[in-house]
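We use all heavy atoms of the structure for the numbers below, so side chains are in, but hydrogens, waters and symmetry mates are not. Note that the structure is a prediction, hence the values are computed from the model and not measured.
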Amino acid sequence: VTEGFGGARDARGVGEPPAGVREKAAVALIRGVDVERDLGGEREALRQLEHRQLVRRRHESAVAGDSEWVFEHALIRDVAYRTIVRRLRAEKHHRAAEWMSSLSGDRRDRADAIAFHYMTAFENAHASGTSTAELRHEALSALRAAAERAVSIHSHAEAARLWRQAVDLSAPDDGMRPRLLLEYGK
């Protein structure tokens with residue numbers, strides 16, 4: 001796998017998408033579903049990507065009222081994702097978590113996806129040297145909510161995995177750590 005969409009293009013034998021489309025699509029894939037919203041409604045950009053068989057529109061959207069576009073192949077998604085620097089990945093995952101948290105309906109139904117995005121935001125921020133105590137706290141809160149949701153639907157293995165992540169993320173002097181350890185031990 002080589003650099004960005006160029007590697008995906010070479011593997012598929014399709015032309016290089018225009019630079020602006022390439023960067024916007026690489027950022028849009030963070031959310032994983034709503035490419036159209038992140039491209040600012042640039043339908044022409046989507047048509048170009050669709051013509052090159054890099055993305056496709058899903059028949060049913062995971063979010064009511066939104067168009068959902070996905071990458072044609074996981075390899076294309078992964079190559080595009082790796083072109084985004086970690087600091088920007090952190091920002092985009094953070095925005096995705098905030099967006100998912102703001103959707104109407106029961107937030108608990110999205111708790112695992114919200115936790116994933118907050119954790120990924122923290123991991124990328126930490127790797128790029130830009131992590132903050134606030135982001136750590138948001139990730140911990142999201143992990144707790146996801147673990148509690150997993151317990152409520154009797155998904156005990158998933159709950160244990162999430163509690164473990166929360167314990168690993170918490171600082172030794174964090175006041176929340178004893179409760180996290182207790183929950184993990186259950």
Side-chain angles (χ1 to χ4, degrees), residues 25-38 58 60-71 74-186:
V27 169
L29 71 91
I30 297 289
R31 188 173 296 143
V33 292
D34 195 0
V35 176
E36 186 170 19
R37 173 179 289 145
D38 283 338
R58 292 191 57 182
E60 293 184 26
S61 175
V63 178
D66 279 349
S67 296
E68 184 170 336
W69 294 75
V70 294
F71 283 86
L75 177 63
I76 295 168
R77 182 198 64 222
D78 292 348
V79 168
Y81 185 76
R82 288 187 192 351
T83 66
I84 304 170
V85 296
R86 287 185 178 264
R87 181 184 53 77
L88 290 177
R89 285 187 213 171
E91 290 173 16
K92 301 306 176 186
H93 278 288
H94 190 244
R95 282 184 40 217
E98 288 176 334
W99 172 75
M100 291 179 137
S101 297
S102 74
L103 294 174
S104 61
D106 192 350
R107 184 178 173 183
R108 291 177 299 169
D109 291 339
R110 299 179 298 279
D112 57 337
I114 293 168
F116 167 80
H117 284 292
Y118 274 124
M119 263 311 287
T120 306
F122 177 79
E123 290 167 351
N124 280 291
H126 184 71
S128 68
T130 60
S131 64
T132 63
E134 180 184 346
L135 186 54
R136 179 188 297 266
H137 178 74
E138 289 172 328
L140 272 171
S141 295
L143 285 169
R144 283 182 54 198
E148 289 167 358
R149 170 70 172 160
V151 168
S152 76
I153 61 172
H154 305 288
S155 182
H156 301 293
E158 179 65 7
R161 185 187 69 76
L162 291 163
W163 285 123
R164 178 65 198 187
Q165 273 189 290
V167 167
D168 291 345
L169 183 59
S170 67
D173 61 345
D174 189 332
M176 192 186 311
R177 189 172 174 85
R179 170 155 162 80
L180 297 174
L181 286 166
L182 177 66
E183 293 297 333
Y184 178 57
K186 288 183 182 179

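Between the side chains of R107 and S101, a donor-acceptor pair is found at a separation under 3.5 Å.
R87 has a carboxylate O that lies under 4.0 Å from a charged side-chain N of E91, or vice versa, which qualifies the two as a salt bridge. Salt bridge status for D78 with R82: absent, with no side-chain N to carboxylate O gap under 4.0 Å. By the 4.0 Å N-to-carboxylate-O rule, K186 lies close enough to E183 to be salt-bridged with it.
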### Message
Could you walk me through whether M119 and L169 satisfy the side-chain contact (heavy atoms from CB on, under 4.5 Å) test, starting with their C-alpha distance in whole Å, then the side-chain angles of each, then the deciding distance to 0.1 Å, before giving a yes or no?
### Response
CA-CA 9 Å; M119 263 311 287; L169 183 59; 3.5 Å; yes

### Task
Output, in order, the C-alpha distance, side-chain angles, deciding distance and verdict of side-chain contact (heavy atoms from CB on, under 4.5 Å) for W163 and V151.
CA-CA 10 Å; W163 285 123; V151 168; 4.1 Å; yes

### Task
Any chance you could lay out the salt bridge (Lys or Arg N to Asp or Glu O under 4.0 Å) test for E148 and R179, step after step, and finish with the verdict?
CA-CA 12 Å; E148 289 167 358; R179 170 155 162 80; 3.4 Å; yes

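Remark: I114 CD1 to S141 OG distance equals 11.5 Å, nearest 0.5 Å. For the atom pair CG of D112 and CE of M100, the computed distance is 8.5 Å after rounding to the nearest 0.5 Å. Rounded to the nearest 0.5 angstrom, E134 CD and H137 NE2 are separated by 8.5 Å. Atom OG of residue S170 and atom CZ of residue R144 lie 11.0 Å apart, to the nearest 0.5 angstrom. Note that CG of L135 is 10.0 Å distant from CD of E123, once rounded to the nearest 0.5 Å. One finds the NZ atom of K92 at 4.0 Å from the CZ atom of R95 (value rounded to the nearest 0.5 Å).
The shortest heavy-atom contact between L180 and A166 is CD1-O, 3.7 Å. When all heavy atoms are compared, the tightest approach of V79 to T83 is O-CG2, 3.3 Å. The heavy-atom pair separating F122 from S131 by the smallest distance is CE1-CB, 3.8 Å. When all heavy atoms of A115 and A146 are compared, the closest pair comes out as CB-CB, 3.8 Å.
Aromatic rings from Y118 and H93 are positioned such that their centres are separated by 6.0 Å or more.
With hydrogens and angles disregarded, no donor-acceptor distance shorter than 3.5 Å links the side chain of R77 to the backbone of F71. The main-chain N or O of L103 is found under 3.5 Å from a side-chain atom of R110 such that the two form a donor-acceptor pair. Listed for the T120 side chain is no donor-acceptor partner under 3.5 Å among the backbone atoms of H117. No donor-acceptor pair under 3.5 Å is formed between the side chain of R86 and the backbone N or O of A127.
Residues forming a side chain to side chain donor-acceptor pair (under 3.5 Å) with D109 (at least two apart in sequence, or on another chain): R149.
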